[in-house]
Amino acid sequence: MTTFADLGVDQDIVDALSAKGIVDAFPIQEQTIPLGLPGQDIIGQAKTGTGKTFGFGIPVVQRLGADPAPGVKALIVVPTRELAVQVYEDMDMLTSNRSTSVVAIYGGKAYEGQIDQLKAGAQIVVGTPGRLIDLNNQRLLDLSHATEVVLDEADKMLDLGFLPDIEKIFSKVPAVRHTQLFSATMPGPIVALARRFMSNPIHIRATDPDEGLTQANIRHLVYRAHSLDKDEVIARILQAEGRGKTVIFTRTKRAAQKLVDELNDRGFNAGAVHGDMSQEARERSMAGFKAGKKDVLIATDVAARGIDVDDVTHVINHTIPDDEKTYLHRAGRTGRAGKTGIAVTFVDWEDLHKWALINRALEFGQPEPVETYSSSPHLYSDLDIPAGTKGRIATAPKTQAVRVQPEKAADAAAAAENDGQGTTRRRRRRRSGGSAERVGSTFEAAEAGAKPAGEQSAQADGERGAEGAGTHDGGGKEHHDGRPAPRRRRRRRGGAGGGAAPAGA
DNA sequence: AAAAAAG
């Protein structure tokens, strides 16, 4: 294992990291830090939860020097306020043994504290575009000496919704600068666009070509859903034995609010994060979830990217996301830093085409999702969901909240099972990671986490071979992006469920 | 089309 010290990181930063128990560098860090330190422009791509923040953050801190003069010298732009808080905390930790100070600049909060910290001479700014531009317009944020610039979740920052703001921000920073763009997903066209803001970037992909596109630590389970059953099924998943924290994603703010109310009515300890909430309430939810006071977080895609919470064991897509990038980022809230996790997705009938798209783009190679709930006892089995009374929400018993402590959870699960139909045999211990034995063939078909080694890598290697594990091409010349999304032509009309079947079926 | 991001 390579340590941060091995990579040429200053001792005080190494000390700051080791105070948090962090000594060994992850692959993306191993590859980008030695290049970032001397000022190489980098497009850094690595899977969710594999340490990208330190990959760009450490070079930023070190390049400013041990005792930089007051004033903004580094700018890190992120897509959401919660991510700004999180990256701020990471940067603050990295600078804990030196005089460099960091400030988080984002909306929904009082200006005062942020302005005070800028006036006090903060050197590193982490922020969201709106407030950054706002303060820059008010001449309270001078970006003209920000020679270190980072776009975190870079593909998101460069998509249509954000691009005008990002262009504006780039027009305010020095032309001669060090620019780093990081994300788990970097579609080819975005990479091309990104070059406009960089000089001779190296595109680093810290991925093993044999691994496939998704995190090997995450098991992916997909079910066709009946909307009336969904809340009930989700409530049962939340009783899963050994469940840690769970993040549930909805498509709309309203759906998120409805679900959090429903789950709290049922006795769960859930919080929500979405754009219709006050910033204060958003931060309360996040803090409660991180601290373990709440073990369920219901969110819109505001929380899909970057958010890093320890011990999230389950991600549930209450509604399937629109594209494979969002799917990958959402699922990536679990299975972080080498841990395992489970991603469960419910696909409504009218959304089967979205599953087809994701299935294909992420090379799951799965057939149609299996029927949910009432007709599928396998669902209970594989997720360790106590199989209670079948039926719709209206007739189902209220679910009891289950504490996260394993013993109690086991008790509650056993109790719940007694109400049910004695399906003990069906329940099995969940082993994330995909190596566990399967329950039934129907279910197997929907299980996408464990891919037979080799099966899918052969064709993928053709595309990626030259890139290899950890290779990069110098001089700003790069291979075509190739991945992740081989764009499907156009979705076919009609043929109802056929969309999810593998091509040719 | 939704969500996010200034107020």
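So you know, we letter chains A, B, ... as the sequences are listed, proteins then strands, and number each from 1.
- Residue A:Glu89 holds its CD atom at 10.5 Å from CG of A:Asp308, rounded to the nearest 0.5 Å.
- Between the P atom of B:dA5 and the CG atom of A:Leu132 lies a distance of 12 Å, rounded to the nearest Å.
- Nucleotide B:dA6 holds its C1' atom 12 Å from the CD1 atom of A:Ile169, rounded to whole Å.
- Between the side chains of A:Gln279 and A:Arg282, at least one donor N or O lies within less than 3.5 Å of an accepting N or O.
- Rounded to an integer number of Å, the gap from CZ of A:Arg282 to C1' of B:dA4 is 8 Å.
- Counting only N and O atoms by type, the side chains of A:Thr179 and A:Arg177 include a donor and acceptor under 3.5 Å apart.
- Distance A:Gln257 CD to B:dA3 C1': 16 Å, rounded to the nearest Å.
- In this model, the phosphate group of B:dA6 is approached by a side-chain N or O of A:Thr128 to a distance below 4.0 Å at OP1 or OP2.
- Across all strands, A:Phe249 comes closer than 4.0 Å to no nucleic acid atom at all (heavy-atom distances).
- If you check B:dA3, B:dA5, B:dA2 against the side chain of A:Phe162, the one that comes closest is B:dA5.
- The CG atom of A:Leu140 sits 15 Å away from the P atom of B:dA6 (whole-angstrom rounding).
- Rounded to a whole Å, the CG atom of A:Asp134 is 5 Å from the C1' atom of B:dA6.
- One atom, CD1 of A:Ile320, and another, P of B:dA2, lie 18 Å apart when rounded to the nearest Å.
- Taking 4.0 angstrom as the limit, A:Lys156 places none of its side-chain polar atoms (N or O) nearer than this to OP1 or OP2 of B:dA5.
- Note on A:Arg81: every side-chain N or O is 4.0 Å or more away from OP1 and OP2 of B:dA4.
- Within the nucleic acid shown, A:Gly161 comes within 4.0 Å of at least one base atom, counting heavy atoms only.
- When distances are taken from the side chain of A:Asp322 to each of B:dA1, B:dA5, B:dA3, the shortest belongs to B:dA1.
- Proximity of A:Arg305 to the phosphate of B:dA3: no side-chain N or O atom is located under 4.0 Å from OP1 or OP2.
- The distance between atom CD of A:Gln279 and atom C1' of B:dA3, rounded to the nearest whole Å, is 15 Å.
- Comparing atom distances between the A:Tyr106 side chain and each of B:dA3, B:dA5, B:dA6 picks out B:dA6 as nearest.
- Side-chain contact annotation: A:Gln86 with A:Asp90, donor-acceptor N/O pair under 3.5 Å absent.
- Among A:Lys325, A:Arg305, A:Gln45, the one residue that satisfies the side-chain hydrogen bond (donor to acceptor under 3.5 Å, both in side chains) test with A:Asp155 is A:Arg305.
- Of all nucleotides listed (B:dA4, B:dA5, B:dA2), B:dA4 comes nearest to the side chain of A:Thr300.
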